[in-house]
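What follows is one structure encoded as structure tokens, with my remarks underneath.
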2 protein chains.
Amino acid sequence: MSSSVPPFLLDIDGTLLDSVYEHVMSWREALEHSDIHLPHWKIHRRIGMSGKLFLPTLLRELGEKADAKEIEALEKIRSDLFMKKIPKVEVLPGANDFLKFLQRVGARWAIATTGDKKQVEQLLKKLDVPEDVPVVTGDDVAIAKPAPDCFVAAAQRLRVPKSEAVIVGDSPWDLLAAQRMKALGVGLLSGGYSEAELQRAGAYWVYEDTADLLAHVEELGIQTE
Amino acid sequence: MSSSVPPFLLDIDGTLLDSVYEHVMSWREALEHSDIHLPHWKIHRRIGMSGKLFLPTLLRELGEKADAKEIEALEKIRSDLFMKKIPKVEVLPGANDFLKFLQRVGARWAIATTGDKKQVEQLLKKLDVPEDVPVVTGDDVAIAKPAPDCFVAAAQRLRVPKSEAVIVGDSPWDLLAAQRMKALGVGLLSGGYSEAELQRAGAYWVYEDTADLLAHVEELGIQTE
């Protein structure tokens with residue numbers, strides 16, 4: 001294990017897998033069931049937050065009150081719709097190469113996502129994640145992203161101080177969590193947010209995707225040879 | 001007709017209708033037919049350009065050469081896929097109110113889009129566009145957006161100098177066209193681009209959608225009472 005390699009905490013959706021747009025479509029369809037009409041872009045900008053946190057905001061914008069039971073029902077419909085879309089979800093360029101790189105250099109790394117366990121299990125089948133790599137899901141913490149809890153739990157599972165971690169994510173919600181943990185946030189464009197939005201949210205560097213991050217990994221102070 | 005109201009040239013997709021994400025999905029599915037795998041975000045950032053202009057760029061990034069026949073075939077598949085999604089496309093908040101406002105204040109206005117005529121006819125059924133309002137489609141010009149041709153043609157149909165027009169669009173491609181025409185560009189977030197990207201592309205103002213634009217229309221120097 002090289003001490004020059006910081007611990008990495010990785011998001012899944014939009015970071016390792018190209019699943020953000022499928023999440024947008026799933027939420028949109030689920031909301032239609034309740035006759036709630038939200039434009040795609042507003043949903044897109046909230047993907048990466050847990051439904052429990054993003055629905056109250058969006059409903060408030062529509063002048064509707066969030067009802068805990070309704071939110072739970074919507075989450076269930078959305079989850080079922082998304083599960084059906086998983087077979088079509090593709091691995092983002094460079095994701096598995098980046099995971100292999102982390103293994104090769106002996107990095108301590110973990111997965112931390114807002115998705116529920118059932119969904120995450122399906123998604124992970126597309127990725128080369130060794131069995132001993134900690135995976136923290138939305139089911140493991142009381143409050144999901146943008147609260148830092150799942151990243152904090154992942155750091156604990158790795159037995160590393162949370163502020164030493166490098167958090168890699170595609171959304172401002174990942175970067176807000178990084179900010180609160182005093183960790184270094186790295187943003188990726190692969191979820192559809194813009195460079196300016198990620199920088200504004202505190203990304204120290206922004207790359208296109210993990211392929212681009214891997215091609216510039218020395219910029220994180222990691223010696224590769 | 002009030003001389004204080006500038007002529008308006010309006011984009012459709014992402015500006016009046018919530019159709020950008022359906023375009024992304026249609027392109028993605030069409031490309032899969034040719035075993036071309038592009039992440040959603042890269043396609044999203046090119047929606048609003050014509051396929052003839054955006055496919056060569058994207059294929060070049062993949063190290064593939066663009067073949068005119070292949071591009072034409074992909075366009076056809078994409079167009080068929082998108083046509084099937086049109087029934088589910090919704091009107092963006094405020095779009096028809098904004099069109100009614102333009103009528104009420106006696107504005108000269110036109111529609112200018114890269115979409116083909118057949119597709120545009122279907123989309124326009126969702127909007128209150130009077131028969132005498134000029135509609136310029138991708139079929140009417142030699143080069144579609146981001147070339148300014150369709151906006152220039154729309155200004156000509158209105159018999160107004162192109163530089164006096166206000167162009168309202170959701171993508172940097174609309175704003176590039178505005179820039180080249182020396183027209184005023186107004187950006188909308190409703191297509192999923194960020195405020196910073198639209199400003200960088202030359203948007204003088206950025207609003208959430210046409211509802212937000214209408215709520216602030218005096219900021220364009222238009223007297224409403």
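Chain naming here is simple, since letters A, B, ... match the order of the sequence lines and numbering starts at 1 in each.
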- Query: Are D13(A) and S19(A) close enough that a side-chain donor and a side-chain acceptor fall under 3.5 Å?
  - Reply: yes

- Task: Tell me, for R200(A) versus chain B, whether the close heavy atoms (under 4.5 Å) come from the side chain, the backbone, both or neither.
- Result: neither

- Pick from L92(A), V20(A), D18(A), D209(A): which one has the most heavy-atom pairs with chain B under 4.5 Å? D18(A)

- Distance-only polar pair, side chains of E219(B) and Y207(B), donor-acceptor under 3.5 Å: yes

- Task: Would you sort out whether E90(B) and K126(B) count as a salt bridge (Lys or Arg N to Asp or Glu O under 4.0 Å), showing the intermediate values?
- Result: CA-CA 8 Å; E90(B) 292 194 16; K126(B) 297 171 189 278; over 6 Å; no

- Give the C-alpha distance, both sets of side-chain angles, the deciding distance and a yes or no for side chain to side chain contact (heavy atoms under 4.5 Å, CB included) between D149(B) and V136(B). CA-CA 10 Å; D149(B) 302 31; V136(B) 178; over 6 Å; no

- Looking at E22(A), E208(A), R28(A), which has the largest count of heavy-atom pairs under 4.5 Å with chain B? E208(A)

